[in-house]
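Okay, structure first, notes after.
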Amino acid sequence: MSEKKIILDSGIEIKENYSNSDISDISLSPAGEFPYTRGVQQSMYRGKLWTMRQYAGFSTAEESNKRYHFLLSQGVSGLSVAFDLPTQIGYDSNHPLSDGEVGKVGVAIDSLSDMEKLFEGINLEKVSTSMTINATGFILLAFYVALAKKQGANLNNISGTIQNDILKEYAARGTYIYPPKPSMRIITDIFEWCSKELPKWNTISISGYHIREAGSTAVQEIAFTLSNGKAYVKAALEKGLDINVFGKRLSFFFNAHNNLFEEVAKFRAARTMWATIMKELGATDEKAMMLRFHTQTGGSTLTAQQPKNNISRVTIQTLAAVLGGTQSLHTNGYDEALSLPTEEAASIALRTQQIVAFESGAADTVDPLAGSYFVEKLTKEVEQAAWKLIHTIDSMGGSVVAIENGFIQDEIARSAFEYQKKIEDGSKVIVGLNQFTSNTSDKIPGFKIDDSIQQLQTEKIIQLKLKRNQEKVDSILSELKRIATTEENIMPIVLEAVENDCTLGEIADTLREIFGEYQQ
């Protein structure tokens with residue numbers, strides 16, 4: 001017997017050998033059957049491949065639109081929109097707090113006009129769009145719906161997702177605006193409105209991705225994410241919504257890191273756990289119990305040193321997501337530790353998905369790693385460790401209380417610290433970073449954003465305000481303020497606001513007056 005001890009970051013020890021005795025108490029249902037450990041569809045990728053997305057958005061709507069057309073020409077089957085920081089936190093591009101940030105980490109969207117330019121030449125009935133937006137998700141959704149209506153689209157055919165997961169913003173990411181209570185009200189308003197007006201739209205993408213990027217372990221990623229999911233479901237139930245209706249439109253967003261088997265086990269465990277949670281909360285429709293999820297490869301795993309090594313990392317992570325049964329996947333560019341991805345890097349990232357889909361054989365059969373002594377045991381151990389964390393959060397009163405008390409933030413920070421210590425002392429090997437380093441440097445051309453973007457966007461806002469009906473705008477914003485003080489659904493008035501050229505910042509600021517701003 002080897003004396004070497006291997007312990008995952010989650011604290012799970014990996015044995016030297018696994019045998020039938022390790023899984024004697026584990027019984028597996030087929031894919032497509034409760035609790036969906038092996039997948040949410042009976043035939044999985046033999047029936048339909050995952051949606052291949054590429055996360056893109058930068059500079060102006062016009063520039064991002066060119067990238068979208070390039071990606072669609074290369075074979076992506078869904079778009080994934082990145083928004084700049086001012087858009088994410090509810091400031092127009094001409095706001096003083098937007099200085100230096102316009103168009104930098106995503107595209108600047110101030111008005112319906114920008115949204116029209118972003119999707120110019122793209123039929124919204126033919127493409128599925130994912131939007132990574134949270135605090136202002138309801139406004140961006142209104143822009144999207146208003147554009148679909150202008151295109152003459154049937155809203156019953158519009159599909160996509162807004163991230164809309166504010167709890168993980170308080171815990172891990174930071175792009176929140178309003179306090180938790182009004183934020184949860186907006187989210188449940190979206191659930192209610194979309195169930196009637198936009199039936200194919202995924203109203204939330206409950207995100208573990210950013211929890212993992214902030215430094216959590218794989219176990220914490222699913223425990224905190226599923227716990228947040230419970231909080232959203234309970235809030236919707238308290239509003240009187242039908243779990244069998246809104247439950248079908250919930251989706252999740254997970255990270256894929258480098259430990260192939262731990263990641264596969266994590267995805268399988270998450271499906272099992274969510275099905276159990278939804279059943280306990282009263283779901284009876286099978287589709288309302290299914291955990292459907294998008295995956296993005298791990299941004300924090302990419303290194304600026306020897307950046308082309310990241311192609312190999314992304315390949316392993318892609319395989320983990322596919323073997324774990326993802327419904328949608330974005331692969332990072334190898335240069336993203338240095339800048340926004342270049343067109344070449346985005347193309348290689350997409351080709352990575354296509355090679356796994358069409359050449360690796362991983363998509364040929366359902367849940368290929370099922371029955372592996374190691375994978376089945378690891379799935380069970382990940383599940384047990386995650387349940388332990390969820391029960392701790394439940395005992396506190398749920399995710400909202402756990403976040404307000406700082407528990408989740410502290411747990412993530414502790415894990416991040418431990419991980420960094422291992423890198424620095426060399427006990428965790430990162431190729432090209434702390435071992436197998438090189439004195440030569442790869443010259444990778446960075447993707448730069450021109451600082452003149454803010455002036456361009458400011459000019460657009462000036463022109464918009466000159467041509468719109470200001471009296472109508474004032475009336476609508478006044479009505480928005482009134483509705484915010486009631487229990488009426490906020491979405492119809494927000495849609496009316498964007499259709500009458502109210503800007504994102506004006507809508508967000510109107511609600512700041514009523515709801516206030518959250519301070520950590």
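Residue numbers start at 1 and run along the sequence shown.
- Qualifying side-chain hydrogen bond (donor to acceptor under 3.5 Å, both in side chains) partners for Glu517, counting only residues two or more places apart in sequence or in other chains: Arg512.
- Residues in residues 132-141 take part in no salt bridge (charged side-chain N to carboxylate O under 4.0 Å, His left out) pair, two or more places apart or across chains.
- In this structure a side-chain-to-backbone donor-acceptor pair under 3.5 Å is present from Asp189 to Ile490.
- One N or O on the side chain of Ser77 and one on the backbone of Met52 form a donor-acceptor pair closer than 3.5 Å.
- Under the rule for a salt bridge (Lys or Arg N to Asp or Glu O under 4.0 Å), the partners of Lys149 that lie at least two apart in sequence or sit in another chain are Glu499.
- Remark: the backbone N or O of Ser328 is not paired with any side-chain donor or acceptor of Arg292 at under 3.5 angstrom.
- Using bins of under 30°, 30° to 60° and over 60° for the plane-to-plane angle, the ring pair Tyr144/Trp201 lands in the tilted bin.
- Side-chain atoms of Asn164 do not come within 3.5 Å of backbone N or O of Ile204 as any donor-acceptor pair.
- No donor-acceptor pair under 3.5 Å is formed between the side chain of Thr301 and the backbone N or O of His257.
- For Gln463 and Glu459, the side-chain atoms include at least one donor-acceptor pair closer than 3.5 Å.
- A donor-acceptor contact under 3.5 angstrom links the side chains of Arg173 and Gln88, judged on distance only.
- With hydrogens and angles ignored, the 3.5 Å screen pairs a side-chain donor or acceptor of Ser183 with a backbone N or O of Tyr178.
- Take Asp410 and apply the side-chain hydrogen bond (donor to acceptor under 3.5 Å, both in side chains) test, not counting sequence neighbours, and it matches no residue.
- Tested against Asn255, the residues Glu213, Gln317, Gln296 include a single side chain to side chain donor-acceptor pair (under 3.5 Å) partner, Glu213.
- Surrounding NZ of Lys239 are more than 12 heavy atoms belonging to other residues, nucleotides or ligands, all under 6.0 Å away.
- Taking the six-membered ring for Trp and thresholds of 30 and 60 degrees, Tyr232 and Phe191 have ring planes more than 60 degrees apart, a perpendicular arrangement.
- In terms of modelled atom types and a separation under 3.5 Å, the side chain of Thr318 and the main chain of Val314 share a donor-acceptor contact.
- Judged by distance alone, the side chain of Ser98 and the main-chain N or O of Asp92 form a donor-acceptor pair under 3.5 Å.
- Using a 4.0 Å cut-off between charged nitrogen and carboxylate oxygen, Arg414 and Glu411 count as a salt-bridge pair.
- A salt bridge does not link Glu125 with Lys200: every distance from a Lys NZ or Arg NE/NH1/NH2 to an Asp or Glu carboxylate oxygen is 4.0 Å or more.
- Evaluation of the side-chain hydrogen bond (donor to acceptor under 3.5 Å, both in side chains) test over residues 303-312, restricted to residues two or more places apart or in two chains, returns Thr303-Arg313, Gln306-Asn309, Asn310-Arg313.
- Distance alone, capped at 3.5 Å, is enough to place a donor-acceptor pair between the Gln327 side chain and the Gly325 backbone.
- The aromatic rings of Phe252 and Phe254 sit parallel, their planes meeting at an angle under 30°, below the 60° perpendicular limit.
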Report task. Decide yes or no on salt bridge (Lys or Arg N to Asp or Glu O under 4.0 Å) for Lys117 and Glu120, but give the supporting numbers first. Result -> CA-CA 5 Å; Lys117 292 180 175 69; Glu120 189 172 352; over 6 Å; no

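- Every residue two or more places apart in sequence or in another chain that forms a salt bridge (Lys or Arg N to Asp or Glu O under 4.0 Å) with Asp114 is listed here: Lys460.
- The number of heavy-atom neighbours closer than 6.0 Å to NZ of Lys181, taken from other residues, nucleotides and ligands shown, is 12 or below.
- Looking only at distances, no side-chain donor or acceptor of Asn500 sits under 3.5 Å from a matching main-chain atom of Ile476.
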